[in-house]
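What follows is a single structure, written as structure tokens, with notes after it.
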Amino acid sequence: MSVIKKRFELLKNTALYLRGTTAKERVEKLNRIWDGIVERKDDLYHAGMIERGVQPVDIAGELIMVKAEIDYTSKHLDKWIKPKRVKNTMFTLGKRCEIRHQSKGVVLNMPAYNAPTAETFVPMISAMAAGNAVIIKPSEHAAKSAKILEEIIHKALPENEAYVIQGGVEVAQELLSLPFNHIYYTGGNAVGKIVMKAAADNFSSITLEMGGKSPVIVDETANLENAAKKVAWGRVMNAGQVCVAPEYVIAHESISERFSLLIKEQMELLYNSENTGFNESKYVPRIINGRHTKRIKSLIDDAVKKGAQTVLGGGADLQDRFIEPTILKNMNEKMDIMNEEVFGPVISLLTYKDQSEVIEIIEKRANPLALYIYSNNKDNISFFLDNTSSGSAVINNNCIQAGGNPNLPFGGVGSSGMGRSGGHRGFVEMSNERSVVHQPLDKFRDFMLQFPPYSDKYVNMITKAIK
Ligand code: NAD
């Protein structure tokens with residue numbers, strides 16, 4: 001038996017014990033994780049700096065998401081794990097109907113590289129809260145963070161309850177061949193398909209947290225200065241390696257030229273205020289590796305070759321994993337960037353005249369993870385919300401919906417994902433929602449009517465229900 005299979009079996013053997021643990025015991029373990037995170041926070045800051053050139057405050061933002069999730073879960077878990085009585089209908093009259101949230105068993109969590117701490121712990125908190133054992137396979141592209149996360153987890157929890165297995169694609173594929181009860185995957189949708197197919201072999205349930213091209217609609221009534229600052233920030237933060245980052249803007253033709261210049265102005269104010277170049281700013285992070293830097297630069301070059309104009313940027317330093325914050329306009333559908341997720345600090349600008357064009361542009365692409373609307377007109381906002389689909393939407397801001405409020409379930413739709421994470425919804429995702437009906441055996445409640453030969457009373461009762 002391979003080492004990975006042995007680990008899986010070990011966790012499987014603990015799953016039944018974990019199912020029987022109390023809310024108090026589970027919360028105590030979540031708090032041990034938090035203590036471990038706090039103890040190693042400087043190491044996590046350092047790893048983030050080396051891997052993506054981000055500031056300690058950026059990693060602290062990730063840690064706050066984890067803390068919010070632990071606090072919220074700790075506060076409510078006692079209530080969540082109690083059987084929940086539900087109302088009766090005519091057909092369940094006299095019976096006691098309830099829903100019990102039972103652990104699924106062993107959960108596999110495979111995070112991506114762009115926010116390794118939050119993507120490791122947020123799903124893990126829900127999985128543990130629901131009483132599951134968890135295996136984590138961190139992203140090999142953020143190996144320094146992955147090592148620290150492994151040390152935190154192995155110090156806080158017994159190895160037969162939560163275990164970290166490091167490795168790349170081969171390790172991921174071996175793990176995916178095992179009969180996990182639930183697989184939680186964060187990453188691109190090409191691998192999402194592989195995960196979904198592998199899950200089918202074992203009928204594992206899945207949560208897929210993927211990406212796509214999240215649009216920003218800016219109408220003629222928007223507060224343009226305000227919108228430009230937020231879009232500039234949303235696109236350059238973490239060097240654009242944010243699943244909900246705005247990928248392209250569709251601006252009304254009456255304001256599009258002005259808006260493009262305002263984003264440019266804001267990118268320069270926020271990330272090149274001393275005019276020494278974006279590469280000198282400590283607030284412009286780096287791309288995770290050379291391969292992705294090259295991929296993003298090729299998307300820019302392909303767009304320019306096919307007629308795009310650069311309002312800003314366009315440059316890169318492959319050696320330094322640096323992509324200049326870039327604004328492109330004059331886009332067309334032949335450009336690869338119009339269909340591929342950039343996951344880098346590059347924004348494309350499109351214009352519209354009629355609202356219907358906006359819907360057409362969005363519908364042409366795969367389902368977005370997020371959609372942003374900048375507008376001061378209620379009717380326009382309703383029209384754009386009602387006629388589009390996305391995992392989440394924000395009006396007059398961007399990126400603020402992810403991770404900050406456990407009352408808001410997070411996830412995608414279609415090619416940007418399935419299932420939800422965070423808060424109660426995350427707990428339910430990792431649970432088997434089991435319906436349990438108790439039949440009392442006294443003659444007033446145990447009617448015994450449905451058995452043949454059917455009585456007239458029973459036939460009348462059923463046929464009358466069909467009107
Ligand atoms: P990645 O390369 O780190 O891969 C993610 C995971 O998949 C890793 O554990 C990796 O080892 C595994 N993997 C890679 N290739 C595999 C294969 N052939 N078979 C099996 N497993 C494999 O990350 P990525 O996919 O480049 O991540 C970036 C993407 O993640 C973007 O599309 C982004 O939008 C998305 N994302 C989504 C969310 C969300 O919550 N919806 C959050 C962050 C990132």
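For ligands, and for the atoms within them, numbers begin at 1 and follow the listed sequence. Since the model is a prediction, treat every value here as computed from it, not as a measurement.
Between atom 10 (C) of ligand 1 and the options M110, E140, K213, the minimum heavy-atom separation is to E140. The heavy atom nearest to atom 35 (C) of ligand 1, considering only A112, P123, G187, is found in G187. Closest heavy-atom approach to atom 21 (N) of ligand 1 among the candidates A402, A172, C243, G211: A172.
Protein heavy atoms are absent from the space less than 4.0 angstrom from atom 4 (O) of ligand 1.
Within 6.0 Å of the NZ atom in K144, the count of heavy atoms belonging to other residues, nucleotides or ligands does not exceed 12. Residue-environment remark: CG (L16) stays at or below the threshold of 12 foreign heavy atoms within 6.0 Å.
Considering both main-chain and side-chain atoms, E341 comes within under 3.5 Å of ligand 1 through a nitrogen or oxygen pair. For S139, a nitrogen or oxygen atom sits less than 3.5 Å from a nitrogen or oxygen atom of ligand 1, counting backbone and side chain alike. By the 3.5 Å distance cut-off applied to N or O atoms, E119 is not counted among the residues near ligand 1. When only interatomic distances are considered, the shortest N/O to N/O separation between M210 and ligand 1 falls below 3.5 Å.
The shortest non-hydrogen separation linking N332 to K334 is OD1-N, 2.9 Å.
Relative orientation of the H154 and Y163 rings is parallel, given thresholds of 30° and 60° on the angle between their planes. Between F180 and F8, the ring planes are perpendicular. Angles over 60° get that label, and only those under 30° would be called parallel. Below 30°, between 30° and 60°, or above 60°: for W80 and Y72 the angle between ring planes is between 30° and 60°, a tilted geometry.
The pair R52-E62 meets the salt-bridge criterion, with a side-chain N (NZ, NE, NH1 or NH2) lying under 4.0 Å from an Asp/Glu carboxylate O.
H46 meets the ring-ring contact (aromatic ring centres under 6.0 Å, His included) test with no other residue; sequence neighbours excluded.
The atoms of ligand 1 that sit less than 4.0 Å from any heavy atom of P111 are 5 (C), 6 (C), 8 (C), 9 (O). In summary, the atoms of ligand 1 found under 4.0 Å from a heavy atom of K137, numbered by their order in the structure, are 8 (C), 9 (O), 10 (C), 11 (O). The ligand atoms of ligand 1 that sit less than 4.0 angstrom from a heavy atom of N114 are 43 (C), 44 (C).
Looking from atom 28 (C) of ligand 1 to the surrounding protein, the closest heavy atom is F343 CE2, 3.6 Å. In terms of protein heavy atoms, atom 17 (C) of ligand 1 is closest to V169 CG1, 3.6 Å. With hydrogens left out, the protein atom closest to atom 26 (O) of ligand 1 is Y113 CE2, 3.4 Å, a heavy atom.
Of all the heavy atoms of V195, none lies under 4.0 Å from any atom of ligand 1, so neither backbone nor side chain is involved.
Ligand 1 lies nowhere less than 4.0 angstrom from a heavy atom belonging to Q241. Within the 4.0 Å heavy-atom shell around ligand 1 one does not find G167.
We find the CG-OG distance between N432 and S103 to be 8.5 Å, quoted to the nearest 0.5 Å.
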Practice task
Walk me through it: do E119 and T186 pass the test side chain to side chain donor-acceptor pair (under 3.5 Å)?
Solution key: CA-CA 7 Å; E119 290 165 16; T186 307; 4.9 Å; no
